[in-house]
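First the proteins, then the strands, lettered A, B, ... as listed; each starts at 1.
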Number of protein chains: 2
Amino acid sequence: MRKKAPTSQDVARLAGVSQSTVSYVLTGSRPISEATRARVEDAIEKLGYHPNSGARTLRSQRSGVIGLMVPEAESDDGVLMVFIGAIAREARRYGYDILLVTAQEGAQGIRRVVRTGVCEALILMELGRHDERVAPVIESGLPFVTIGKPDEFPQGSVVDLDFEMLGGMIVERAVEEQCDRLLLFGEPGRKRSRNDVARFLAGVEDAASEEGLEVVLDAVPLADVPDQALRLTLPNQRTALFGITGVRQVLFAMAATGALVDDTRLFIALSGEDLVDVSPLLASVPQLDPRRIEISELAVQELVRLLQVEGAGPRVTLVEPRWLEG
Amino acid sequence: MRKKAPTSQDVARLAGVSQSTVSYVLTGSRPISEATRARVEDAIEKLGYHPNSGARTLRSQRSGVIGLMVPEAESDDGVLMVFIGAIAREARRYGYDILLVTAQEGAQGIRRVVRTGVCEALILMELGRHDERVAPVIESGLPFVTIGKPDEFPQGSVVDLDFEMLGGMIVERAVEEQCDRLLLFGEPGRKRSRNDVARFLAGVEDAASEEGLEVVLDAVPLADVPDQALRLTLPNQRTALFGITGVRQVLFAMAATGALVDDTRLFIALSGEDLVDVSPLLASVPQLDPRRIEISELAVQELVRLLQVEGAGPRVTLVEPRWLEG
DNA sequence: TTGTAGGCGTTATCAC
DNA sequence: GTGATAACGCCTACAA
């Protein structure tokens, strides 16, 4: 048997004040004497009162809900879950809830959550280059933040990893580690069209030409990894191996061929995927932290700023990668 | 510049009917003549009208939002994302949206989304044995479905994998594959306290005693996998290796020691984690599909039934595992 | 078959 | 410092 939730009317009655006073206590939009505030808060506590979301939304035009546009997860995608969890938690810290909008719904879905007023702001993840969902977002006029830097985006704020710096950092590290060559896997060459990959490669190339480091792209096409893993290293050289995606496949193949053993000839560094689930052994491989939690939290904070600070304009925030040593 | 969304009033004006008629066209709760219905739908189309969610919720006490209680994702957890994505998509098919309620919010969070009326139903994932969040859910009287079978749960519906059958299936397969022993990893022995693990082991033990198969639990404690992988097999025996969690770690360690090669002595079968991201080589390992997508969809369908079918009672649905061959 | 009107529970503008 | 009161946009009896 579901009993009706108490209303502010009930609270008012119990506290012996008018209904509007209850409202003012809640919103704090008007000074209230200590005495009555206490009485009202008592009554709220006693009744277990929570303001009705529908009514509040209807009246104030603010739903307290942020729409999160999530990409279609292809098979297991743990990375995504890290973002989503962090976003949801951070949003709650500011009193907002997260509503999922799946990529599958497309532009139509955006239009729906916007027009119905379910969401008062949006966070967009993994936008394509010319994503059909961008138009309705901009048209809606709602504040939004994208995680992942699109090519151009003057209308909403952007939070992303500084991929260019990431490229510079791995080059720098390779040099420090006495390496002559840097092998990049995870198809960075072929996926150059992606904004983040392009920025990463730009960072690599800039730094490499400055340091005189040889860079080999797509040294290990993921499909052929098993065959090629042993050929990665050259005699009398030390080689740095770095990748952001496909890390597990590459390491697995290398483990199978025994290539992981010789660290006089091979320096491995990684980014992007959690490796402890692959093997505790890899805990000692230096990793460039892609800082997904920080990025998620910043995205929420930025959105809250756009929502709450009068006249706040969009801006771009790039988060610096960090070395995590085993 | 955010332009106000059109209201049903606007639609009514444009269609030359009363506001209530628009409402009736939308809800279908009253017969409408073809002529006016067409005019109204035209106007709706023309204005891009979507009914205001706040108003509808306030009036009807139904928000069209399902709360999804997600567990705290420890590091990368791709499995979770599969559930969440499938749940969100299926919910949309029935006109519902998914709102995230993080485990971190605890019982308080449940109470909040319930009392404020943001959610009209709940899906609960990964409940602990005596989860503090259960009480407020039951107290709320809202319909709910749990994914994962708790020990006892007469109040809400349950959808879960049939873990007992899973246990039987791996034993049966091991026997078919001429194996003398079945090694289980992923700490099934130690985690016997978990309901699903307990059911799985019960299934294994029943079938094994019937078939006369030797079963070894925790043969490979995950932490020691590298050392033990080679000792797994015995001469002149064929051994079946099966695990649900920690699959990647075990396989990686076995790859490194070369233990994967000899399939005359080893039969590997797995469940629970996607392995293609570890290596395409593993695509040929037979897997017991834990059917997460089906479970997610069923959970939503079950919840919709509880919501929409008058007098519908809670029920338990167990989904059968399936063999996926490479 | 359609229109009129009341109210869902808030917020916020008037008054006092 | 506090109390009435008018919307917010929709649903749904009640009339016609």
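- Under the side-chain contact (heavy atoms from CB on, under 4.5 Å) rule, B/F83 has a single partner from B/L68, B/I123, B/V70, B/I147, which is B/I147.
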Report, as a single string ordered 5' to 3', how protein heavy atoms within less than 4.0 Å touch nucleotides 10-16 of chain D: B base, S sugar-phosphate only, - not at all. BBBBB--

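- A donor and an acceptor atom, one from each side chain of B/T36 and B/S33, are located under 3.5 Å apart.
- Taking the 5' to 3' direction, DNA chain C first and last meets chain B under 4.0 angstrom from a heavy atom at C/dT1 to C/dG9.
- Donor-acceptor pairing under 3.5 Å is lacking for the side chains of B/S23 and B/S20.
- With contacts defined as side-chain heavy-atom distances shorter than 4.5 Å, the pair B/P136/B/V114 does not qualify.
- Results of the side-chain contact (heavy atoms from CB on, under 4.5 Å) test with A/L298 over A/T317, A/L303, A/V145 single out A/T317 as the only residue that passes.
- A sub-4.0 Å separation between OP1 or OP2 of D/dG1 and a side-chain N or O of A/T36 is absent.
- Between the side chains of B/Q301 and B/E90, a donor-acceptor pair is found at a separation under 3.5 Å.
- Within the 4.5 Å cutoff, side-chain heavy atoms of B/L124 are placed close to those of B/V137.
- Residues satisfying the ring pair (Phe, Tyr, Trp, His ring centres under 6.0 Å) criterion with A/F144, sequence neighbours excluded, are A/F153.
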